[in-house]
Number of protein chains: 2
Amino acid sequence: MASEFEARLRAVSLRVTRPRLAVLAALHDHAHVDTDTVIALVRAELPRVSHQAVYDVLRALTDAGLVRRIEPAGTSARYEARVGDNHHHVVCRSCGAIADVDCAVGHAPCLTASDDQGFMIDEAEVVYWGTCPDCATRRIDQ
Amino acid sequence: MASEFEARLRAVSLRVTRPRLAVLAALHDHAHVDTDTVIALVRAELPRVSHQAVYDVLRALTDAGLVRRIEPAGTSARYEARVGDNHHHVVCRSCGAIADVDCAVGHAPCLTASDDQGFMIDEAEVVYWGTCPDCATRRIDQ
DNA sequence: CTCTAATCTGGAATAGTTCAAGTTTGGCAC
DNA sequence: GTGCCAAACTTGAACTATTCCAGATTAGAG
């Protein structure tokens, strides 16, 4: 598994360092985690890693396309290891929980704007807003 | 025009105050403005309005559905007066410019998730990412 | 093994937003 | 019109997520 991550780093010509491997492992095990959580997960293995290093690593990995950064309105940045398939997300309005949703229509970019205003569009990002199962039942209970 | 805004405030049982009228006027004249810009526009008419008041007003108006808050990843919050038609936005990756795009398919919610993961979805938000005409030509020029 | 650019550490700074306590004011009852 | 009071506003400080900076460390090419 570690060698798998190592190969991915080399494939995009990034140096193989412990913090980077730890971040990749953390994102592989946990979907949609925020930066603080990544820091905590990384420090479980490498206690001395600085928060700045994690920010740097996440940026490097995002730029290289190894991880994807998502940032629904009103939340801090979250990261996921699932990339390249243009899937979307459902976000719970009350607790912020995030779940994956496969592309609604065909492949990326799965949507075409009716009038692009002269913009050169390269991605259509979809966020579904709603209430997650937990919050829905909790609301009924009260 | 002022009485138009006054009527809208009363319609959602919000008190009619100068700061609120000024914010509505500012959003009516300028699309997709951030909070700082709203503050500047409001202060052009009412120099003594606090930034906190503007934040409060924007929240009250958003909660009441009179304005819409948008917050593309990596930017601060922006507000627009166009509400109720479920239109979407194109955002320029290099300069952050935002333009309106009519709903791609039908009416709100114009998209249905292929698998909703048990969530009760009430809105599908679409953000198109790309390059605006200005930035496109600027890049060619260089 | 050596060298050096890339990366990481520690600490301080910034932007955007929210919190808290006290003052003012819009809208209703009289 | 006058008085009342909850809603709205002012002032000023606090907070969170993120970035900047300067110096120490280290991966990996030669």
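A, B, ... follow the sequence lines: proteins, then strands. Residue 1 opens every chain.
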- Item | OP1 or OP2 of C/dT18 under 4.0 Å from side-chain N/O of B/Y55 | no

- Message: When the axes are fitted on five pairs at both termini, how much does the helix from C/dC1-D/dG30 to C/dC30-D/dG1 curve, in 10° steps?
- Response: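 Both end axes considered, the difference amounts to 40°.
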
- Strictly below 4.0 Å, heavy-atom distances to any atom of DNA chain D: list the hits from residues 29-51 of chain B, or just say none. B/R48, B/V49, B/S50

Does anything in [range] pair up under salt bridge (Lys or Arg N to Asp or Glu O under 4.0 Å), and if so which pairs, sequence neighbours excluded?
range	value
residues 41-54 of chain A	none
residues 67-79 of chain B	B/R68-B/E80, B/R69-B/E71
residues 24-34 of chain B	none

- chain B footprint on DNA chain D, 5' to 3' - any atom under 4.0 Å from a heavy atom: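 Span of nucleotides near chain B: D/dA6 to D/dG12.
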
- If you look at every strand shown and take non-hydrogen atoms under 4.0 Å, does B/A60 touch a base, only sugar-phosphate, or nothing? nothing

- Residue pairs involving residues 53-63 of chain A (criterion side chain to side chain donor-acceptor pair (under 3.5 Å); sequence neighbours excluded): A/Q52-A/D56

- Pairs touching residues 9-21 of chain A that satisfy side chain to side chain donor-acceptor pair (under 3.5 Å), sequence neighbours left out: A/E6-A/R10

- Taking only residues two or more places apart in sequence or in another chain, which ones pass ring pair (Phe, Tyr, Trp, His ring centres under 6.0 Å) with A/H32?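 A/H32 satisfies ring pair (Phe, Tyr, Trp, His ring centres under 6.0 Å) with A/H89 only.
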
- Task: Would you check if A/D100 and A/R82 make a side-chain contact, meaning some heavy-atom pair closer than 4.5 Å?
- Result: yes

- State, with a plain yes or no, whether a side-chain heavy atom of B/V49 is found less than 4.5 Å away from one of B/I39. no

- Other ILVMFWY residues reachable from B/V83 by side-chain steps of under 4.5 Å: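 Result for B/V83 is none, singleton.
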
- Other than B/I98, which residues form its hydrophobic cluster under the rule that side-chain heavy atoms must be closer than 4.5 Å?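 In the cluster with B/I98 are B/I70, B/V91, B/V127, B/W129.
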
- Want to settle it: does B/Q52 or A/S13 sit nearer the 5' end of DNA chain C, counting the closest nucleotide to each?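 The residue closer to the strand's 5' end, by nearest nucleotide, is A/S13.
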
What is the distance from [atom1] of [X] to [atom2] of [N], rounded to the nearest Å?
X	N	atom1	atom2	answer
B/L58	C/dT18	CG	P	10 Å
B/R78	C/dT17	CZ	P	10 Å
B/D56	C/dT17	CG	P	13 Å
A/L61	C/dT7	CG	C1'	13 Å

- Item | Contact pattern, 5' to 3', of nucleotides 21-30 of chain C - B, S or - by protein heavy atom under 4.0 Å | ----BBS---

- Take B/L24 and B/V67, measure what side chain to side chain contact (heavy atoms under 4.5 Å, CB included) needs, and give me the verdict at the end. CA-CA 8 Å; B/L24 280 175; B/V67 309; 4.2 Å; yes

- Task: Applying side chain to side chain contact (heavy atoms under 4.5 Å, CB included), run through B/L66 and B/L9 and close with a yes or a no.
- Result: CA-CA 8 Å; B/L66 292 188; B/L9 285 171; 4.0 Å; yes

- Query: So, does A/Q117 use its side chain to make a donor-acceptor pair with the main chain of B/V101 at under 3.5 Å?
  - Reply: no

